[in-house]
Structure formats: C-alpha cells, structure tokens
Amino acid sequence: MLEQLREWLEGWPGWDSTPQITIDGLDLAGGAVSLRSGGASESSFQGDILGGGRLSTSYRFWLELRLEKPVGDPGAGLHNAALVLALQDWVNTQNARGKVPLLFESGRQSLRAMGTGLQQAGPDGLARYRLELAAEHITELKGETDGEEQED
C-alpha cells in the first residue's frame, strides 16, 4: 500500500524540486521526503435489516518533507509553505477527479490531504513539514445467503 501511494505521489508535477520519497525513513542530512503509515484510525459499520451493510475504514499516512529554510530567510519559508499547500491541493483535486491510487482490491476509496504545516525548524537551516493523508475505504457487505456472508 505504501509503495503504491509513494509512486502515485511522485506523479505530482512539483516533485521536480524535491528529493525522492522514502518509506518510513527521513534522511538526516539534507532534504528528504518520508512516507509513514499511521494505520487505521477509525472504522464504522452501518448494518441493514438483511444482515449486510457498509463498512467504512479510514487509514492515516504522514508525508514529511525536510526542506531548506535558512534562519532569517522568510522567503524560503514562504516558498516551502506554497510548495506543501500546492501538493495538498493536487491530492484533493486528484481525489475529486477519481484519480487516486488503487490501494484496496475491492470497494470504493478516496484519498484526502489535510493538516499541512510546519512541524519543526532548526538552526541547521532545515525545516520539517508534514502533510496528513487520509484514505477512506468503503466496502458493501451483502446479507447472509444460504448461511454465508458475501462481500462485493
């Protein structure tokens, strides 16, 4: 799942100014981009009278970018903020167009970006920005048929 998400994110036209995304790691020297899984954050089930229903599960991911932000250079901070906000906008636009990566084998899904912001800026001239990604997976479960539950 993380690999599919990484490949899709690297399709954003703004990646030409950022390093390649690594999974579950943030390079400590220089700029880097890291993708981390937060796991399932919430799940709900809405049942129907036939024993079926809709199972909805949200999964969280964090995309962290370590970008140059020299102390005393407000222009670099503005540039970084614009870059991260543009990525957030791209993710949400792709979701609205139905062009998100196929993270699940069945059911419907969506992918939203939110919670963008500066996490930490250090005296070394580097800053860490974080973007939260929320994948929603919805599966329709059919009621019992001859004693067996079936999935769409």
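Since the model is a prediction, treat every value here as computed from it, not as a measurement. Sequence positions, counted from 1, serve as the residue numbers for this chain.
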Under 3.5 Å donor-acceptor, Glu136 side chain and Ser56 backbone: no
Residue list, salt bridge (charged side-chain N to carboxylate O under 4.0 Å, His left out) with Glu132, at least two apart or on another chain: Arg60
Sequence-distant partners of Arg130, salt bridge (charged side-chain N to carboxylate O under 4.0 Å, His left out), two or more places apart: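 For Arg130 the salt bridge (charged side-chain N to carboxylate O under 4.0 Å, His left out) partners, ignoring immediate neighbours, are Glu64.
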Sequence neighbours excluded - salt bridge (charged side-chain N to carboxylate O under 4.0 Å, His left out) pairs with any residue from residues 108-122: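 Checked against salt bridge (charged side-chain N to carboxylate O under 4.0 Å, His left out) - neighbours excluded - the pairs reaching residues 108-122 are Arg108-Glu140.
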Sequence neighbours excluded, every pair satisfying salt bridge (charged side-chain N to carboxylate O under 4.0 Å, His left out) that has a member inside residues 90-107: none
Pairs where residues 96-131 contributes a residue and the test ring pair (Phe, Tyr, Trp, His ring centres under 6.0 Å) is met, not counting sequence neighbours: Tyr59-Phe104, Phe104-His137
Using residues 82-90 as the side-chain source, report each donor-acceptor pair under 3.5 Å to any protein atom, sequence neighbours left out, with the distance given to one decimal.
residue: Gln88; atom: OE1; partner: Thr116; partner atom: OG1; Å: 2.3

Cluster check Trp62, Leu65: I/L/V/M/F/W/Y, side chain < 4.5 angstrom: no
Val100 with Met114, same ILVMFWY side-chain cluster at under 4.5 Å: no
Separation between [atom1] of [X] and [atom2] of [Y], rounded to the nearest 0.5 Å:
X      : Y      : atom1 : atom2 : answer
Ile138 : Ser106 : CD1   : OG    : 12.0 Å
Asn92  : Leu133 : CG    : CG    : 9.0 Å
Gln4   : Leu102 : CD    : CG    : 7.0 Å
Met1   : Leu35  : CE    : CG    : 11.0 Å
Asn80  : Leu67  : CG    : CG    : 4.5 Å
Glu3   : Leu103 : CD    : CG    : 12.0 Å

Name of the residue among Leu131, Val91, Leu5 meeting side-chain contact (heavy atoms from CB on, under 4.5 Å) with Leu63: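 Going through Leu131, Val91, Leu5 one by one, the side-chain contact (heavy atoms from CB on, under 4.5 Å) with Leu63 is satisfied by Leu131 alone.
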